[in-house]
Amino acid sequence: MLTSEYFINLEDQHGAHNYHPLDVVLVKGEGVWVYDVEGKKYLDCLSAYSAVSQGHNHPKIKQAMIDQLDRLTLTSRAFYNDKLGLLYKKLSDMTGYDKSLPMNSGAEAVETAIKVARKWGYHVKGVPRHKAEIIVADGNFHGRTVTIISFTSTPQYKDDFGPFTPGFPMVEYGDIKAIENAINENTVAIMIEPIQGENGVLLPPEGYLKAVEKLCRENNILFIADEIQTGLGRTGAFFACDHEGVRPDIMVIGKALSGGFYPVSAVLADESVLGLIVPGDHGSTFGGNPLGASVAIAALDVIEDEKLVENSRVLGQYMMDYLDEIPTKNILEIRGKGLFIGVELKHEFGGARRIAEVLRDKGVLAKETHEHTIRFAPPLVIDKETVDWLLPIVRDALLMD
Ligand SMILES: *Cc1c(COP(=O)(O)O)cnc(C)c1O
C-alpha cells in the first residue's frame, strides 16, 4: 500500500512549494471528519479556510452536482443556462441585494468588486478617470493576484512580485480616524474584512463597521465588505456585518458558496452599482456555469435548511466560554465570533505550529495562521457532542510545555 510518506515526497519533488502543509495525507471526508491514507480519522477544524462550512461531501450538495453533471456543465456566458438565474434569485432572496455577478475564486471576485467600484467612481461620483482610490486596511487578506498583493501589508506576499497596481491607500485596521484622514475627493470605496481571518481572526473594535458605513454615506463612498471567509454563517450571523446591522454597498462572497465541491464566488450589490456593468466590461469563461450554479444553490439551501448560522452562533459561544476558562499559561489572547476562533499564543512559546502538530497526533486538524495564532473553524454542521470531544484535546494542547 502506498503510504503518506510516498505522497508527501511526490508533492515535494514535483510540486511548487508554495504551501507548508501539515504532514497528513487525506483521502476521504464525511461531515466534520476526514481520513488519511493509513485510515486514521481526524476532526477538520480548518474547513478548507471555511470553504467546507457545510461539511465534507454533503449528500444534498453532492446530489445536486451529480444531477447537473448528467445534464449540462458549461455553456459559457455566450448563452443562457437554466441554473444561473435561479442562483441570482436565491442570492437576492437570501441577502436582499438586487443583483450579483458570479466568478470562480475569491480573488477574482475581489478584482471584480474593485473594477465595479472604480467604474462607479468615474460614472456616478465623477472622479477623474484613472484617479480612483480604494482605501484598504493594514493586515488585510483579499487574495493573491498582482493587483490584490499590491495592497497587502505582508512583505512575503509582495516583495518579489512587483511592479504593483496603484490606487490603494492603506490605513490601520480598526481605526476610524485613520480612514477619515485618508479620504479625499478621489476616494471611491473602502474595502475591509469585517473580521480579518488570515491575519489571525482579528476583530475590529465594536462599532467600527457601523462607523465605516456612516463615513461612507457621509462622503459618497462605497463600502466593500470582503466576506469571502466570514460570510454565509461562519461567525454566527449570515454576514459578519450583520452583527452591527451594517449593509455594505458591495458584498464579496466565495469559499462556502462552493459547499466545498466546486469553486464559486460572487459580488453582490444593488442596481445602482452593479447596474453600471454592461456587456463586455467583465467576464469569465467558467463564472456562472450551470454546474457551479447548481452547487451554489444547494450549498445555500443547506445553510438555510440545517440552520447552520444558528449552530455556529450557539456552539461558537459554547467553545469561547470553555476556551476562556483555560489557564493562560501559553495563551496571549482568544478572539472569535461564532465558529471562527483564533487563539494567539504568547510569542515566547515559539509558534503555533507545535500546537497544530500535537493536535494532529490527537486526531484534530487545525492550522497556524501567521506564526503565533491557531485557528479553530470546524464545519458549521458540527454537533455539541463532537465539540465536547474536541475541547479537552484543545485544552491539553494549549497547556503543553
Ligand atoms: C480566501 C480569501 C480570499 C481569496 O479567495 P481565493 O478563493 O483563495 O482566491 C479573499 N478574501 C478573503 C477574506 C479570504 O479569506
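This one's a predicted model, so the numbers in the text were calculated from it and none came from an experiment. As the structure lists them, so they are numbered: ligands from 1, and atoms in each ligand from 1.
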(message) Check this for me: does any side-chain nitrogen of one of R335 and E333 sit under 4.0 Å from a carboxylate oxygen of the other?
(response) yes
(request) Just jot down the ligand 1 atoms closer than 4.0 angstrom to any heavy atom of S105, in number order. (result) 7 (O), 9 (O)
(request) Please tell me if the side chains of D301 and K60 come closer than 4.5 Å, counting only heavy atoms from C-beta onward. (result) no
(request) Inspect the contact between R247 and E213 and indicate whether a charged nitrogen and a carboxylate oxygen are less than 4.0 angstrom apart. (result) no
(message) Closer than 4.0 angstrom, basic N to acidic O: yes or no for K362 and D396?
(response) no
(request) Just do the side-chain hydrogen bond (donor to acceptor under 3.5 Å, both in side chains) check on Y262 and N289 with the steps written out, would you? (result) CA-CA 11 Å; Y262 185 99; N289 71 71; 3.0 Å; yes
(message) I'd like the name of whichever of S265, A107, A109 reaches closest to atom 4 (C) of ligand 1 through any heavy atom.
(response) A107
(message) Check for me whether R360 meets the cation-pi criterion with Y42, that is, NZ or CZ under 6.0 Å from the six-membered ring centre and within 45 degrees of the ring axis.
(response) no
(request) Give the single entry among D226, I253, V252 that approaches atom 12 (C) of ligand 1 most closely by any heavy atom. (result) D226
(message) Between ligand 1 and F141, can you find any atom pair, the residue atom being a heavy atom, that is separated by under 4.0 Å?
(response) yes
(message) Does ligand 1 come near enough to Q229 that some N or O of the ligand is less than 3.5 Å from an N or O of the residue?
(response) yes
(request) Taking atom 9 (O) of ligand 1 as the reference point, report whether a protein heavy atom occurs under 4.0 Å from it. (result) yes
(request) Say whether K255 and ligand 1 are in contact under the criterion: heavy-atom distance to a ligand atom below 4.0 Å. (result) yes
(request) Ignoring angles and geometry beyond distance, decide whether E193 reaches within less than 3.5 Å of ligand 1 through its nitrogen or oxygen atoms. (result) no
(request) Looking only at distances, please establish whether an N/O atom of ligand 1 is found under 3.5 Å from an N/O atom of G106. (result) yes
(request) Check whether any side-chain heavy atom of I114 lies under 4.5 Å from a side-chain heavy atom of M191, and answer yes or no. (result) yes
